[in-house]
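We name chains A, B, ... by the order of the sequence lines, and we start the count at 1 in each one. This structure is a prediction, so every number in the text was calculated from the model and none was measured.
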Number of protein chains: 2
Amino acid sequence: MIDDSIRPQLGIIGGLGPLASADFYFKLTRITQAFRDNEHVPAVILSVPQLPDRTEAILAGHDGPLAPLKAAVSTLNALGVACVAMPCNTAHHWYDQLAANSRAEIIHIGDAVVAETRRSLERGRVAVLATQGTLVSGFYQDRMSAAGFELCLPANTEFQACVDSAISLVKAGSIVDAAVETERALDIAQATGADAALLGCTELSVVAASLNDVNGLLVIDSNAALARACLTRLGFGTQEARGLPTVSRPPGHDWPMRGSLAVLA
Amino acid sequence: MIDDSIRPQLGIIGGLGPLASADFYFKLTRITQAFRDNEHVPAVILSVPQLPDRTEAILAGHDGPLAPLKAAVSTLNALGVACVAMPCNTAHHWYDQLAANSRAEIIHIGDAVVAETRRSLERGRVAVLATQGTLVSGFYQDRMSAAGFELCLPANTEFQACVDSAISLVKAGSIVDAAVETERALDIAQATGADAALLGCTELSVVAASLNDVNGLLVIDSNAALARACLTRLGFGTQEARGLPTVSRPPGHDWPMRGSLAVLA
C-alpha cells in the first residue's frame, strides 16, 4: 500500500482545528533534536476539518465524530504508522473506541500532559483550560488526580467564558485576541489558587508562545506535551522548543488591567 | 481506500524540510478565508524528511529523489486528492516526470510565484534566493523571463553563500540566525538593483515574517504563493495572511551593519 522509501512512523489526525495542527507540526519539528531533514520523524498528517464538532457532540450526547475518527485511524494504520497522535484534546473522549480499533498505538494526550507536568511540578493545584466537551469527558480530572495533582476548576463563570471565547477566536484566526482572553482566564485561575495551568485545548497551544507575563504561573502546553511524548515513544531525541514563533500585538492591545483581578467582575 | 467522510482535497508532499512544511500548513490555514474548522480545506501532508537531498542529486546529476517522490505522488493519488502541492522548490526539478504520473493536478510552485509576483509588480528586476539545485534546474529563470520580469542574479559570491547558509540554518532550527543571513542576501540583491526578491526556497519562507526592515524591497514568499494558488484552484476564498508568527531575536543580535553595504566586502 505504501512504498518503504516513504513510510511514515507517526500518524497524526489533524485539522481539529487546522491552526492547532499546524502548531503541533511546528512544535514536533522544533522539539526534535535534529540538524538535518533526515533526522526528523517521517509522518503523515490527515487534516480532517470537515469532522462534526466534538464538544457539540459530547454535550448533546451523540457520537457523530466517532465514525470519521475511526476511518482516520484506519487510514493511518493502512499507511503503516507505528503510532497515532490526535492534537485535539476533546477528540480523546472517544479514545477507548479508537484504540480498540488500531494496530498502531494511539498516544493519549492526557498521559503526555501528566508526564510534561511532572517535569516541572511534584504536586500542586492545576487549573484546566479546556473545552466543555473535554471537561464533561473527564479524562483530565481522572489522570491528574491519579497522578497526585489537585484539580483547580474556578467556579467563576467568566473563567470558562474566557476559555471558550479564546478557542473560538483561534478557530476564527484571531490569535492576538485569543491570547488576551487566555491571559484573563489565567489570571482568574491564579487568583483561585492554581500553581499551574494546563492549556488543555490545542487551540490554546497556538497562543502559548504569545502570552504576556503569566506572573510565575506554570503553563503546560498540551500540544508540546503530545509532541514530546510521540518523539520519545519513537526513540527520537528531544530538546526544549526554543524560539517558538509569536504573534505580536499592536501597542495598546493588552488586556488593560493585567494582574488586577478586582476589575474582572 | 479512504472513507468519503475524511477524504482530503489537497495532498502535500512535506518534510522537505519539516519546518518549511509546517510553515506551509500554517500559511495555508492563515490565508484561507474561514471562521470555523469546517471552512478549511481537507488535506493530507505526507512528511518525508527521509528523502535524499535534492540539491546534492541535481548537482551530482542523478535522480535519487525521483523514485520516492513518485511513490509519494502515487500514495496521495490513492488517498483521492484533487491537487498535489510540494512546498519544496528544489523538488520541482522533477515536476514533469511527477506530473506525468499523477491523476491529480500538481500545482507548480513556479507558476504560483509568478502569479503572486504579478499581484504587486508589473515588471522589474527580481532576485532569486534559492538552492543551487533550483538555480541549476532553471525553472524560475524560464518562468520569470516568460512573464516579462528581468532576473537579477548577483554575481557577488557572498550572495549565494548567505542564501545557502540561511537554508542550512533553518534546517538546523536556527531561525533567528537564518533571518540575519537572509537579510544580508537581500541587502546584496538590492545593491545589485533588484526591485523584488523571491524567497525561492521554502526554508527561507520560514524566516519571511521575522525579517527586519527590508528597505522597501518587495519580498515574495514561495510558500505563501503556493498556498494561495492551491486554495484558489480548489475554490476556497483567500485573504492576506496577517499576524504571521515571528521569532524574536535577542537584543544586539541584528546584523550589525544593516543597510550599510560597504562593509559586506
Exercise: do [X] and [Y] side chains pair donor with acceptor under 3.5 Å:
| X | Y | answer |
| --- | --- | --- |
| B/T55 | B/T131 | yes |
| B/N101 | B/Q97 | no |
| B/N89 | B/S222 | yes |
| B/S102 | B/N77 | yes |
| A/S205 | A/D221 | yes |

Between [options], which residue shows the highest count of heavy-atom pairs closer than 4.5 Å to chain A?
| options | result |
| --- | --- |
| B/G17, B/A67, B/P18, B/S5 | B/P18 |
| B/R30, B/R36, B/E39 | B/R30 |
| B/L28, B/I175, B/D3 | B/I175 |
| B/I6, B/V48, B/T75 | B/I6 |

> Of the backbone (N, CA, C, O) and the side chain (C-beta and beyond), which part of A/L79 lies under 4.5 Å from a heavy atom of chain B, both, or neither?
Replying inline: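 Contact with chain B is through the side chain of A/L79 alone.
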* Checking A/A71 against chain B: side chain, backbone, both or neither under 4.5 Å from a heavy atom? ->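 For A/A71, heavy atoms of backbone and side chain both lie under 4.5 Å from chain B.
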Toward chain A, the part of [X] with a non-hydrogen atom under 4.5 Å:
| X | result |
| --- | --- |
| B/A34 | backbone |
| B/L51 | side chain |
| B/S21 | both |
| B/T29 | side chain |

| What do the steps show when you test B/H92 against B/R54 for side-chain contact (heavy atoms from CB on, under 4.5 Å), and what is the final call? | CA-CA 10 Å; B/H92 285 73; B/R54 282 66 63 197; over 6 Å; no
Are B/D23 and B/K27 within salt-bridge range, i.e. N to O under 4.0 Å?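 Result for this pair is yes, salt bridge flagged.
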